[in-house]
Amino acid sequence: MAHMVETMAYAGQVPWHGLGVPVSNDLTPVQMMEKAGVDWRVQEVETFIEYNNKKMATGQKALVRETDGRILTTVGENWNPVQNEDAFNFFAEYCLSGDMEMHTAGSLKDGQMVWALAKVKSDFELFGGDRVESYLLFSNPHQYGKAIDIRFTPIRVVCNNTLTLSLDQKADKSVKVGHRVEFDASEVKTALGIASDKLAHYKEAAEYLGKRRVTAESLIEYYNTVFPRTADKRVQGKSLTVDTLSRNAKMAYDVLETQPGAEYAEGSWWQAFNSVTYITDHVQGRNEDNRLYSSWFGGNQLRKKNALQTAIEFAEAS
């Protein structure tokens, strides 16, 4: 089966699909960019059509990769592409100061999505061994309709689940920048703030979830909220039970006690929340890299954010 990954470099553990170039964890951002095979630039090229033997400008531009002439997308006049080198240089001062180290980087969807992930040198441990690390993810899309996205992303080490730092819709720990404005790295860094503060806030929420107990009824209701079932006459009017769960909700329910790290805070809302992050990252989707794309950039990113907020709401009500 074809992979969405075009090129990639990684430090440490072999990634989800077994592809990519292994590198040391002390590379500069630019060196990581080169090893990941994304040391290329994009160029805006005017597009034309032929009509009645006349060549006429369309008013749009093609975004072309200079190394091979691949057309990545078509954009309007006011598009401001961010070059990959600018994206990787975003990490330069963090790596130079020793606060971060480059972790993975690469190209997805034939160059339409370039990303860089750096490990923040701060983490925490919960419940006697459940370790959570923090990363900074920079996604640089060369695709119309997609915004630059820079965000802190916790990862639960025991199962490699990608979590979320968003504890509510008004406190999103990410910055999105559209291509109709000039990218200003200093403004983004100011908006992101300090990673350690955000990680400490997240730790408090995780510890709270680990102290609050679930019930059989509230667990079913939680899964139905996170994975709502479409209208089905077979379940209308019936009490909510395991049999009424949607397919994805049933998968989360089934792995509740078998997921990696299930032994930490058993019977709590932390365990319930992580059953959702586990299936979105490791079970759903056609293959591993489709799952990763959805977890970082697609629908499962929002689902995990909602799953965390919903878990907190259920915990408060318990």
Side-chain angles (χ1 to χ4, degrees), residues 1-42 65-68 70 72 82-123 131-142 148-163 174 185 188-189 192 195-196 199 260 281-282 287-297:
M1 182 178 292
H3 286 280
M4 295 178 70
V5 176
E6 182 183 46
T7 60
M8 179 171 172
Y10 62 91
Q13 183 179 339
V14 177
W16 60 96
H17 47 64
L19 303 176
V21 178
V23 299
S24 63
N25 64 352
D26 60 354
L27 297 185
T28 67
V30 170
Q31 288 171 332
M32 176 62 90
M33 177 183 69
E34 293 169 350
K35 290 292 187 180
V38 290
D39 53 336
W40 40 262
R41 296 179 60 83
V42 294
R65 181 161 59 183
E66 292 183 348
T67 51
D68 59 2
R70 178 184 290 276
L72 301 177
V82 173
Q83 300 296 343
N84 295 340
E85 186 173 2
D86 295 327
F88 279 78
N89 277 331
F90 182 87
F91 296 94
E93 68 174 280
Y94 296 123
C95 293
L96 186 62
S97 66
D99 294 328
M100 298 183 192
E101 60 186 34
M102 299 308 296
H103 188 266
T104 60
S107 168
L108 299 169
K109 299 177 66 177
D110 296 323
Q112 288 189 321
M113 177 64 76
V114 171
W115 92 93
L117 185 72
K119 185 179 184 300
V120 181
K121 293 187 178 179
S122 62
D123 54 23
R131 190 157 58 94
V132 176
E133 297 177 340
S134 181
Y135 293 79
L136 182 61
L137 174 66
F138 192 125
S139 54
N140 185 33
H142 302 295
I148 298 160
D149 189 327
I150 305 104
R151 77 174 93 97
F152 289 108
T153 302
I155 293 181
R156 191 181 183 212
V157 175
V158 69
C159 52
N160 204 31
N161 287 8
T162 306
L163 307 176
S174 68
V188 172
K189 291 176 181 178
L192 280 173
S196 59
L199 201 62
D281 282 7
H282 303 290
N287 55 41
E288 288 86 350
D289 51 336
N290 272 286
R291 282 193 285 271
L292 178 124
Y293 185 87
S294 182
S295 290
W296 278 2
F297 312 115

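Residue numbers start at 1 and run along the sequence shown. Side chains are part of it too, since the values below use all heavy atoms of this structure and drop only hydrogens, waters and symmetry mates.
Looking only at side-chain heavy atoms (C-beta outward), Y135 and P154 stay at 4.5 Å or farther from each other. At a threshold of 4.5 Å between non-hydrogen side-chain atoms, the residues L136 and L117 do not count as touching. Counting only heavy atoms from C-beta outward, the side chains of W115 and M8 approach each other to under 4.5 Å. The shortest side-chain heavy-atom distance between Q83 and V42 falls under the 4.5 Å cut-off.
Taking NZ from K119 and OG from S134, the interatomic distance works out to 8.5 Å, rounded to the nearest 0.5 Å. The line from OH of Y10 to NZ of K35 is 12.5 Å long, rounded to the nearest 0.5 Å. To the nearest 0.5 angstrom, E34 atom CD is 10.0 Å from F88 atom CZ. The distance from the CG atom of L27 to the CD atom of E101 is 10.0 Å, given to the nearest 0.5 Å.
Shortest non-hydrogen contact noted between V82 and N140 is O-ND2, 2.9 Å. For the residue pair L72 and D110, the shortest heavy atom distance occurs at CD2-O, 3.4 Å. Considering every non-hydrogen atom in both A11 and S24, the closest pair reads CB-O, 3.9 Å. Across all their heavy atoms, W40 and N84 have their closest contact at O-ND2, 3.4 Å. The nearest pair of heavy atoms linking M32 to T104 is CE-N, 4.2 Å. In terms of heavy-atom proximity, P141 sits nearest to M113 at CB-CE, 3.9 Å.
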Inset, instruction - Starting from the C-alpha separation in whole Å, work towards a yes-or-no answer on side chain to side chain contact (heavy atoms under 4.5 Å, CB included) for V132 and I155. - result: CA-CA 6 Å; V132 176; I155 293 181; over 6 Å; no
Inset, instruction - Quick one: do L137 and R151 satisfy side chain to side chain contact (heavy atoms under 4.5 Å, CB included)? Show the steps, please. - result: CA-CA 5 Å; L137 174 66; R151 77 174 93 97; 3.5 Å; yes
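Ring geometry for F90 versus F138: interplanar angle over 60°, hence perpendicular rather than tilted (30 to 60°).
Checking R65, H142, E6 one by one against S107, the side chain to side chain donor-acceptor pair (under 3.5 Å) holds for a single residue, E6.
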